[in-house]
Amino acid sequence: MGGRVKISVVVPIYGVERFIGKFAESLLGQSYDNVEFIFVNDGTKDGSMTVLRSLIDERFTHLRDRIIIIDKENEGCPVARRTGLSHATGEYVMHADPDDWYEPDAIETIATVAEETQADIICFDYFRGKRIKNERAYAAGDKYTFIRDIYNHRASGTVWNKCMKRSLYLNNRIYYPLTSCAEDMCLSVQLIGYSSSIVHIPKPLYHYRRDNPTAVTRKNPKYRRQRATEKFLNLYEFFRDTPDDLSPVSVIYDDIMMKAGWSAVMYGLDHFSSRPYLADKIGRMPLSLSRETPVVSQLITKIYAFLHRIINR
């Protein structure tokens with residue numbers, strides 16, 4: 001299908017030799033033809049790029065003028081995505097992980113909705129293994145609820161089940177994490193905060209693979225919690241001098257503080273020492289039933305913060 005809306009798909013590649021063939025076939029074989037394919041070789045040491053290039057040579061030579069391959073040193077997925085984004089020219093941008101795969105008409109379905117609505121963000125359902133993950137439909141007026149639900153793990157914060165206008169990246173001040181673990185959430189909440197219109201497609205268009213042993217989600221829970229907490233504290237610090245009504249993420253400031261404090265209590269992390277403001281912020285914060293952190297845990301964290309302030313006066 002031909003179409004007027006151009007969509008750029010950014011794919012970071014590292015250590016996916018086993019999976020990239022299926023992924024690339026699903027992406028390059030899409031029914032929609034106004035797509036720009038951007039593959040970022042993040043210094044992979046396996047045969048991922050050989051598989052990809054062979055597949056292009058054998059089956060997709062007709063797409064060469066729409067395929068961009070960028071070779072760079074290994075710096076991690078977030079930097080690779082940002083590198084790919086800097087080469088994108090589409091009105092919309094999608095991100096994909098090369099150990100997953102698309103439904104054959106995924107981009108055509110998304111492009112049709114994009115052309116009809118001109119929405120800033122288009123979200124869609126996906127397959128999680130063999131099960132369909134149905135996402136809630138959030139309207140633009142619900143975007144702050146959406147942000148809080150993502151941060152508190154009540155909604156998906158992944159970037160691969162969202163198609164976003166490239167102008168959201170270009171026209172706004174954005175904090176880009178440099179390392180993996182929760183970088184999707186960190187980016188998604190900002191873009192949603194800047195958006196004016198959100199549309200949901202109630203159809204699974206993407207397959208999320210759960211059996212990749214090298215995936216970041218397989219890492220130690222303490223490691224993942226620490227990395228995620230640090231990213232969101234960095235996000236808060238990036239915007240804290242911005243007036244709340246201009247910050248895309250001010251709605252989760254209290255949640256960020258409380259979860260960081262509870263992580264310090266539970267895992268012995270040094271957030272209170274490395275962020276001197278944290279104990280004071282938590283001490284002034286009311287208890288809330290709407291947070292992911294249980295109320296009892298919030299109370300324990302507030303006591304811990306109080307003792308930390310007393311000891312370190």
Side-chain angles (χ1 to χ4, degrees), residues 5 7-11 23 26-27 30 32 77 81 92-166 168-169 180-212 215-217 224 228 231-232 235 248-249 251-252 255 259 290-292:
V5 174
I7 297 178
S8 299
V9 183
V10 176
V11 185
F23 168 80
S26 78
L27 176 59
Q30 286 290 306
Y32 190 73
C77 179
R81 283 177 173 164
Y92 284 86
V93 173
M94 295 172 60
H95 295 277
D97 289 342
D99 53 351
D100 301 329
W101 69 97
Y102 283 105
E103 285 288 283
D105 64 343
I107 298 181
E108 180 178 340
T109 301
I110 294 164
T112 299
V113 172
E115 190 160 342
E116 290 174 351
T117 66
Q118 289 296 306
D120 284 345
I121 297 176
I122 300 165
C123 305
F124 45 90
D125 297 339
Y126 59 93
F127 293 94
R128 185 180 175 89
K130 295 182 179 179
R131 300 181 63 181
I132 294 176
K133 183 68 170 65
N134 295 307
E135 293 288 275
R136 172 182 164 184
Y138 292 88
D142 301 324
K143 70 178 183 180
Y144 296 116
T145 301
F146 195 5
I147 291 169
R148 290 207 68 203
D149 283 353
I150 286 174
Y151 186 74
N152 290 300
H153 299 285
R154 293 189 287 263
S156 173
T158 61
V159 291
W160 42 252
N161 80 320
K162 298 172 181 66
C163 178
M164 312 201 194
K165 276 192 175 177
R166 191 162 61 97
L168 289 175
Y169 295 92
S180 296
C181 284
E183 77 278 6
D184 279 31
M185 289 173 57
C186 201
L187 188 57
S188 290
V189 295
Q190 294 176 79
L191 295 171
I192 291 167
Y194 284 127
S195 69
S196 299
S197 51
I198 303 169
V199 172
H200 170 247
I201 300 174
K203 180 180 178 181
L205 302 176
Y206 187 92
H207 292 259
Y208 168 66
R209 185 184 293 276
R210 303 184 65 186
D211 60 351
N212 182 356
V216 173
T217 52
R224 290 191 286 116
K231 280 185 182 63
F232 277 94
L235 178 67
V249 292
V251 67
I252 55 172
D255 293 329
K259 191 176 289 188
S290 66
R291 297 193 183 104
E292 183 186 24

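Across Y144 and P248, no two heavy atoms sit closer than the pair CE2-O, 4.4 Å. Scanning all heavy atoms of the two residues, the minimum distance from A140 to S196 falls at CB-O, 3.0 Å. Closest approach of R209 and D99 over heavy atoms only: NE-O, 2.5 Å. The two residues F146 and A155 have their closest heavy-atom pair at CE1-CB, 3.9 Å. Residues A119 and V199 share a closest heavy-atom pair of CB-CG2, 3.5 Å.
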Quick one: do M94 and I122 satisfy side chain to side chain contact (heavy atoms under 4.5 Å, CB included)? Show the steps, please. CA-CA 10 Å; M94 295 172 60; I122 300 165; over 6 Å; no
K231 and E183: CA distance, side-chain angles, deciding distance, salt bridge (charged side-chain N to carboxylate O under 4.0 Å, His left out) verdict: CA-CA 7 Å; K231 280 185 182 63; E183 77 278 6; 5.4 Å; no
From CA spacing to verdict: side chain to side chain contact (heavy atoms under 4.5 Å, CB included), V189, F232: CA-CA 10 Å; V189 295; F232 277 94; 4.2 Å; yes
Trace of the side chain to side chain contact (heavy atoms under 4.5 Å, CB included) decision for Y138 with T145: CA-CA 8 Å; Y138 292 88; T145 301; 4.2 Å; yes
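Using a 4.5 Å heavy-atom threshold, the side chains of P204 and F124 count as separate. Taking 4.5 Å as the limit, every side-chain heavy atom of I121 sits out of range of all side-chain heavy atoms of K165. Between C123 and I198, some side-chain heavy-atom pair lies under the 4.5 Å cut-off. For the pair V93/V9, no side-chain contact is recorded, criterion being any heavy-atom separation below 4.5 Å from C-beta on. Put simply, the side chain of I132 does not reach to within 4.5 Å of the side chain of K203, judged on heavy atoms. I110 has its side chain out of reach of V5: every pair of non-hydrogen atoms, C-beta onward, lies at least 4.5 Å apart.
At least one donor-acceptor pair closer than 3.5 Å links the side chain of D184 to the backbone N or O of V159. The closest donor-acceptor contact from the side chain of Q30 to the backbone of E103 lies under 3.5 Å. Judged purely by atom type and a 3.5 angstrom limit, S197 uses its side chain to pair as donor or acceptor with the backbone of D120. Of the possible donor and acceptor atoms, none in the side chain of S26 sits under 3.5 Å from a partner among the backbone N and O of W101.
For K162, the side-chain hydrogen bond (donor to acceptor under 3.5 Å, both in side chains) test picks out no residue, with sequence neighbours left out. Applying the side-chain hydrogen bond (donor to acceptor under 3.5 Å, both in side chains) test to S188 and every residue at least two apart in sequence or in another chain returns nothing. With sequence neighbours excluded, the residues forming a side-chain hydrogen bond (donor to acceptor under 3.5 Å, both in side chains) with R154 are D149, listed by chain and number. Shown here are the salt bridge (charged side-chain N to carboxylate O under 4.0 Å, His left out) partners of R291, two or more places apart in sequence or in another chain: D254, D255. Applying the side-chain hydrogen bond (donor to acceptor under 3.5 Å, both in side chains) criterion to Y206, with sequence neighbours excluded, gives D100.
Annotation: the span from I7 atom CD1 to E108 atom CD amounts to 10.5 Å, rounded to 0.5 Å. Rounded to the nearest 0.5 Å, atoms CD (Q190) and CE (M185) are 12.0 Å apart. To the nearest 0.5 angstrom, Y92 atom OH is 12.0 Å from M164 atom CE. Interatomic distance, OH of Y169 versus OH of Y194, reported as 13.0 Å (0.5 Å rounding).
Taking the six-membered ring where tryptophan is involved, the planes of Y208 and Y126 are perpendicular, since the angle between them exceeds 60° and thus also 30°. Taking the six-membered ring where the residue is Trp, H207 and F127 present parallel rings, their angle staying beneath 30° rather than reaching 60°.
Side-chain contact, N161 with T158: a donor N or O sits under 3.5 Å from an acceptor N or O. No hydrogens or angles considered: nothing links the side chains of S8 and R166 as a donor-acceptor pair under 3.5 Å.
Pairs engaging residues 123-134 under the salt bridge (charged side-chain N to carboxylate O under 4.0 Å, His left out) rule: K133-E135 [sequence neighbours left out].
Judged by the 6.0 Å and 45° rule, K259 forms a cation-pi pair with Y151.
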